[in-house]
Asker: 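Structure incoming, see below.
All chains are named by letter (A, B, ...) in the order of the sequence lines, taking the proteins before the strands, and each is independently numbered beginning at 1. The shown structure was predicted, so the numbers you read here are calculated from the model rather than taken from an experiment.
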Amino acid sequence: MPELPEVETVRRTLKTLIIDKTIESVDVRFAKMIKKPDDVHAFELMLKGQTIRDITRRGKFLLFIFDDVEMVSHLRMEGKFATRSYSEPENKHTHVIFTFTDGTSLHYNDVRKFGTMHLFPKGEALETLPMKQVGVDLYLDQVDLDTVYPKITKSTRAIKNILLDQQLLAGLGNIYVDETLFRSNVHPMTKGHALNRLEVKRLLTEAQAVIEEAVKQGGTTIRSYTSADGNMGMFQQTLNVYGQTDKPCPVCRTPIEKTKVSGRGTHFCPVCQVIKQPEE
DNA sequence: CTTATCGCCTGAAGGC
DNA sequence: TGCCTTCAGGCGATAA
């Protein structure tokens with residue numbers, strides 16, 4: 001599941017592969033993934049003749065900047081881009097094909113069909129949904145404790161769910177949120193209003209640290225993720241709790257437990273991460 | 001306003 | 001072998 005570090009790795013790889021290429025044609029095979037414009041044919045026509053000038057990222061969204069338009073892409077669970085010359089040929093999970101004027105092409109593949117694409121006139125993507133509501137980027141932005149702290153401590157939600165809320169902090173998914181909570185010694189079910197300022201500060205610091213380390217390692221490859229050139233990430237070797245059920249905690253050797261929090265698989269150390277009740 | 005739940009999707013894995 | 005169920009999970013839509 002691509003989270004911030006995986007999306008950033010895809011962005012960097014993709015940029016070196018397709019920058020300055022011009023689109024000859026676009027072929028959408030699975031219309032439902034195109035969320036804007038409403039008409040898929042219009043999506044294809046708007047991109048025709050456009051040259052890719054830059055690829056940026058906010059949270060888990062990729063933003064392709066062309067001469068006159070901007071394309072927003074979210075990979076969700078298993079979306080991946082592959083250039084034709086470097087990766088597998090077209091398959092039954094190829095949903096969009098961008099063919100360039102030099103004869104090469106870019107394929108969007110997605111087994112679960114959860115990924116989305118939006119196309120906007122230039123300059124509108126960041127001002128419009130879905131990117132409009134993306135919160136503070138944990139890799140690019142300065143995180144302001146005075147802004148985040150009250151939002152967390154006014155909430156009755158489990159801290160894991162708060163940290164997964166992309167409108168507050170953008171970039172964490174199920175892997176890195178479990179890792180962040182472990183490094184911060186916070187139990188995933190702890191209520192937001194049970195945390196003090198120091199604990200919130202620690203969570204933000206650890207979230208940024210784990211994201212930065214994972215970007216350096218090229219992301220985490222679990223099951224299917226690879227970068228746009230087919231390379232795997234290396235961060236899975238560094239995971240402390242995610243996918244480590246029944247293995248000893250790296251700190252205290254207690255077996256890592258797995259439970260569910262709001263339907264998501266959740267890994268934690270029952271000794272290092274204890275639920276804290278609200279004080280007073 | 002907030003928070004919780006559902007549905008979208010397919011393939012792998014496990015039970016019998 | 002084969003059928004059925006569960007799980008993986010981000011996030012928009014809908015409900016409470």
Side-chain angles (χ1 to χ4, degrees), chain A residues 1-8 10 28-36 38 57-63 72-81 88 91-96 108-118 125 128-135 137-138 148 150-181 188-195 207 211 214 219-226 233 236 239 241-246 256-268 278:
Chain A
M1 59 229 71
E3 303 176 31
L4 192 158
E6 292 75 34
V7 177
E8 175 64 14
V10 168
V28 176
R29 310 289 182 83
F30 181 62
K32 274 181 74 176
M33 70 168 295
I34 308 301
K35 302 300 182 183
K36 195 176 175 66
D38 293 335
R57 179 194 58 73
R58 296 290 305 174
K60 302 175 194 171
F61 285 97
L62 284 170
L63 180 57
V72 176
S73 166
H74 197 301
L75 305 174
R76 293 287 180 95
M77 302 302 300
E78 299 199 27
K80 38 179 71 84
F81 283 102
E88 73 267 38
N91 60 48
K92 65 174 177 175
H93 301 303
T94 302
H95 305 312
V96 185
Y108 177 78
N109 299 324
D110 191 342
V111 169
R112 289 208 183 113
K113 299 180 172 175
F114 277 6
T116 60
M117 290 182 189
H118 294 71
T128 319
L129 291 177
M131 285 191 85
K132 183 186 178 183
Q133 61 183 19
V134 173
D137 187 281
L138 284 166
V148 176
K151 291 186 177 171
I152 288 180
T153 53
K154 279 178 190 164
S155 175
T156 58
R157 303 166 75 193
I159 185 60
K160 170 157 178 169
N161 290 333
I162 298 174
L163 294 176
L164 284 170
D165 185 345
Q166 303 297 302
Q167 295 185 47
L168 181 61
L169 301 170
L172 293 177
N174 207 38
I175 296 174
Y176 297 109
V177 74
D178 280 4
E179 295 298 313
T180 296
L181 289 162
M189 288 293 285
T190 306
K191 305 285 191 186
H193 67 254
L195 295 163
I211 290 283
T220 300
T221 293
I222 304 254
R223 282 186 299 277
S224 66
Y225 165 78
T226 58
Q236 58 275 14
L239 296 175
V241 289
Y242 186 89
Q244 309 302 306
T245 311
D246 295 332
I256 297 300
E257 291 186 7
K258 183 174 182 184
T259 180
K260 287 223 173 199
V261 176
S262 296
R264 290 187 178 85
T266 298
H267 314 72
F268 67 101

Asker: Just so I know, are the side chains of A:Arg76 and A:Thr116 near enough to count as touching, which here means a heavy-atom distance under 4.5 Å?
Answerer: yes
Asker: With a 4.0 Å limit, can you tell me whether A:Lys60 has a side-chain N or O closer than that to the phosphate oxygens OP1/OP2 of C:dC11?
Answerer: yes
Asker: Could you tell me whether the phosphate oxygens of B:dG11, OP1 or OP2, come under 4.0 Å of any side-chain nitrogen or oxygen in A:Lys92?
Answerer: yes
Asker: Find the distance A:Leu168:CG to C:dG10:P and express it as a whole number of Å.
Answerer: 16 Å
Asker: Identify whether the distance between the nearest side-chain nitrogen and carboxylate oxygen of A:Asp246 and A:Lys258 falls below 4.0 Å.
Answerer: no
Asker: Send over the distance from A:Arg157 CZ to C:dA16 P, rounded to a whole Å.
Answerer: 19 Å
Asker: How close or far is atom C1' of C:dG12 from atom NZ of A:Lys32, stated in whole angstroms?
Answerer: 12 Å
Asker: Remember a base hit wins even if backbone is also touched, and classify A:Ser155 as base, sugar-phosphate or nothing at under 4.0 Å, heavy atoms.
Answerer: sugar-phosphate
Asker: Would you say A:Arg264 reaches C:dA8's phosphate, i.e. side-chain N/O to OP1/OP2 under 4.0 Å?
Answerer: no
Asker: Taking any heavy-atom pair under 4.0 Å as a contact, classify A:Lys151: base, sugar-phosphate, or nothing.
Answerer: nothing
Asker: Just the rounded figure in Å: distance from P of B:dA12 to CD of A:Glu78.
Answerer: 10 Å
Asker: Using a heavy-atom cut-off of 4.0 Å across all strands, would you classify A:Gln166 as base, sugar-phosphate, or nothing?
Answerer: sugar-phosphate
Asker: Specify the separation, in whole Å, of atom NZ of A:Lys132 and atom P of C:dC11.
Answerer: 18 Å
Asker: Between the side chains of A:Asp178 and A:Tyr176, does any donor sit under 3.5 Å from an acceptor?
Answerer: no
Asker: What nucleic acid atoms does A:Thr116 come within less than 4.0 Å of, heavy atoms only: base, sugar-phosphate, or nothing?
Answerer: nothing
Asker: Hey, does A:Lys35 reach any base, or is it just sugar-phosphate, or nothing, if we go heavy atoms under 4.0 Å?
Answerer: nothing
Asker: Please classify the nucleic acid contact of A:Gly263 as base, sugar-phosphate, or nothing, using heavy-atom distances under 4.0 Å.
Answerer: nothing
Asker: Taking CZ from A:Arg76 and C1' from B:dG11, how many angstroms apart are they, rounded to a whole number?
Answerer: 19 Å
Asker: For C:dG10 and A:His74 - does any side-chain N or O of the residue sit under 4.0 Å from the phosphate oxygens OP1/OP2?
Answerer: no
Asker: Give one of base, sugar-phosphate or nothing for A:Gln167, where a contact means two heavy atoms less than 4.0 Å apart.
Answerer: nothing
Asker: Students often mix this up, so state it plainly: with edges at 30° and 60°, are the rings of A:His74 and A:Phe61 parallel, tilted or perpendicular?
Answerer: perpendicular
